[in-house]
Amino acid sequence: MLLRQPTTVTEAQECVAQGAVPIGGATLVWATWQRDGFPELAMSLRGLPAATAVEAESLGAAVVLHRIDHRVPEVLRRAAGSVGTGAVRRTATVGGNLVGSSLRCLLPAALVLDARATVLGPDRPYETDLAEVVAKRHLLLGLRWRTPVASGYRKQPAEAGGPPPLVVATAVHADGEGRRRLRVAVRDGYDVLSESAGCDAGADETLDALERTDLGALPAGARDVVREQVADILGPLAGR
């Protein structure tokens, strides 16, 4: 297998045109390759500056999870820290988790940040939403978002080899007129739901509004965790 490491977007497009298979840490495909055979040409984005950024409002797709630190919002940092073992986090990448994994542990966090994705199209990079990235499995270059007022993340305990653990991510955003809105994303099994509601009136009113969305159809246990997370994030903001 020949591995290419482009350092510019143009070089990356040339690799894609030549049929290169995008890889990050290869944590999700290595066993398959050992069984079925390795591709002739692969491509890593770790030499591409746009794909390796770790900043307050952006994160590159080639960033390995253990590099996600205090520079990004709490919800994204805690989501990355909950993935696998330390050895996995030192190898697995943002792009691999969001696009290559069926669990997509970072997706709820990215959704509540209202993140936009930059992907590599056939002619140029362009920005799109996360739904398109997940559905069409685009070649992800990175994410961008606005810094939230506050954010939080909870991943319920789960037995190894069992169903995916419940994940609840939250973030509060302020608009230009001082109003606040809470975004909530829940991974229940392999499905991810994302909803939002104004939160200036307090936790009870916000929860009532969220219950009238698709989140209200979640199992009772999942809704209890949502209520706890909403109370946890809105409580410190009361009166501010």
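This one's a predicted model, so the numbers in the text were calculated from it and none came from an experiment. Every heavy atom of this structure was used, including side-chain atoms; hydrogens, water molecules and symmetry mates were not.
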*Drop me the distance from Arg212's CZ to Leu207's CG, to the nearest 0.5 angstrom.*
11.0 Å
*Linking I/L/V/M/F/W/Y whenever their side-chain heavy atoms sit closer than 4.5 Å, directly or via other members, would Val167 and Val75 fall into one cluster?*
yes
*Check step by step if side-chain hydrogen bond (donor to acceptor under 3.5 Å, both in side chains) holds for Thr147 and Glu57.*
CA-CA 6 Å; Thr147 300; Glu57 295 189 335; 2.8 Å; yes
*Given Asp232 and Thr170, is the side-chain contact (heavy atoms from CB on, under 4.5 Å) satisfied, shown in steps?*
CA-CA 10 Å; Asp232 285 348; Thr170 52; over 6 Å; no
*Which is it for Val184 and Thr213 under the side-chain contact (heavy atoms from CB on, under 4.5 Å) test, yes or no, and what are the steps along the way?*
CA-CA 11 Å; Val184 179; Thr213 70; over 6 Å; no
*Checking Arg89 side chain against Gly81 main chain: does a donor-acceptor pair fall under 3.5 Å?*
yes
_For a quick test of reading the model, state the closest non-hydrogen atom pair linking Pro125 to Val9 and the distance between them._
CG-CG1, 3.6 Å
_Whether the side chain of Lys155 engages the backbone of Ser82 through a donor-acceptor N/O pair (distance < 3.5 Å, no angle test) should be reported._
yes
_Please check this pair: side chain of Arg187 against backbone of Val168, looking for a donor-acceptor N/O pair closer than 3.5 Å._
no
*Just by distance, do the side chain of Glu132 and the backbone of Thr128 share a donor-acceptor pair under 3.5 Å?*
no
*Quick one: closest heavy-atom pair of Thr52 and Arg46, and the distance?*
CG2-O, 3.5 Å
*Common cluster, Val133/Leu111, ILVMFWY with side-chain heavy-atom separation under 4.5 Å*: yes
*Check: Leu215 and Arg223 side chains under 4.5 Å, non-hydrogen atoms*: no
*asked:* Quick check: do Val134 and Leu98 have side-chain heavy atoms less than 4.5 Å from each other?
replied: no
*asked:* Tell me the closest heavy-atom pair linking Met43 and Ala20, and the distance in Å.
replied: CB-CB, 3.8 Å
_Less than 4.5 Å apart, side chain to side chain, heavy atoms only: is that true for Tyr126 and Thr118?_
no
*asked:* If hydrophobic clusters are built from ILVMFWY residues whose side chains come within less than 4.5 Å, do Leu107 and Leu139 share one?
replied: no
*Just by distance, do the side chain of Gln13 and the backbone of Asp123 share a donor-acceptor pair under 3.5 Å?*
yes
*Yes or no on side-chain contact (heavy atoms from CB on, under 4.5 Å) for Val225 and Arg154, after CA distance, side-chain angles and deciding distance?*
CA-CA 8 Å; Val225 177; Arg154 182 182 298 188; 3.7 Å; yes
*asked:* Taking atom CD as the centre, does Gln156 end up with more than 12 heavy-atom neighbours from other residues, nucleotides or ligands that are less than 6.0 angstrom away?
replied: yes
*asked:* If I take atom CZ from residue Arg90 and atom NE2 from residue His66, how far apart are they, to the nearest 0.5 angstrom?
replied: 7.0 Å
*Given the rule that I, L, V, M, F, W and Y join up when any side-chain heavy atoms are under 4.5 Å apart, are Leu120 and Leu59 in one cluster?*
no
*Is the backbone N or O of Gly178 less than 3.5 Å from a side-chain atom of Asp175, with the two atoms forming a donor-acceptor pair by type?*
yes
*State the CG-CG distance between Leu45 and Leu140, to the nearest 0.5 angstrom.*
9.0 Å
_Heavy-atom closest pair, residues Ala110 and Leu130_ = CB-CD1, 3.6 Å
_Heavy-atom side-chain proximity of Val186 to Val226 below 4.5 angstrom_ = yes
*Output yes when a side-chain donor or acceptor of Thr93 lies under 3.5 Å from a complementary backbone atom of Ala62, and no otherwise.*
no
*Arg144 atom CZ, over 12 foreign heavy atoms within 6.0 Å*: no
*Per the side-chain contact (heavy atoms from CB on, under 4.5 Å) rule, which among Leu182, Val172, Asp200 passes with Leu237?*
Val172
_Is there a path of hydrophobic side-chain contacts, each under 4.5 Å between heavy atoms, that joins Ile23 and Leu48?_
no
*Got a second to check how far Leu106's CG is from Ser101's OG, nearest 0.5 Å?*
9.0 Å
*Compare every heavy atom of Thr7 with every heavy atom of Pro49, then report the nearest pair and how far apart it is.*
CD-O, 3.6 Å
*asked:* Once rounded to the nearest 0.5 Å, what's the spacing between atom NE2 of His173 and atom CH2 of Trp145?
replied: 11.0 Å
*Are any side-chain N or O atoms of Arg4 and backbone N or O atoms of Leu41, one a donor and one an acceptor, separated by less than 3.5 Å?*
no
_Can you tell me how far apart OG1 (Thr206) and CZ (Arg180) are? Round to the nearest 0.5 Å._
11.5 Å
*For residues Asp188 and Pro219, determine if any side-chain heavy atom of one lies less than 4.5 Å from a side-chain heavy atom of the other.*
yes
*Can you name the nearest heavy-atom pair linking Ser196 to Arg181, along with the distance?*
OG-NE, 3.0 Å
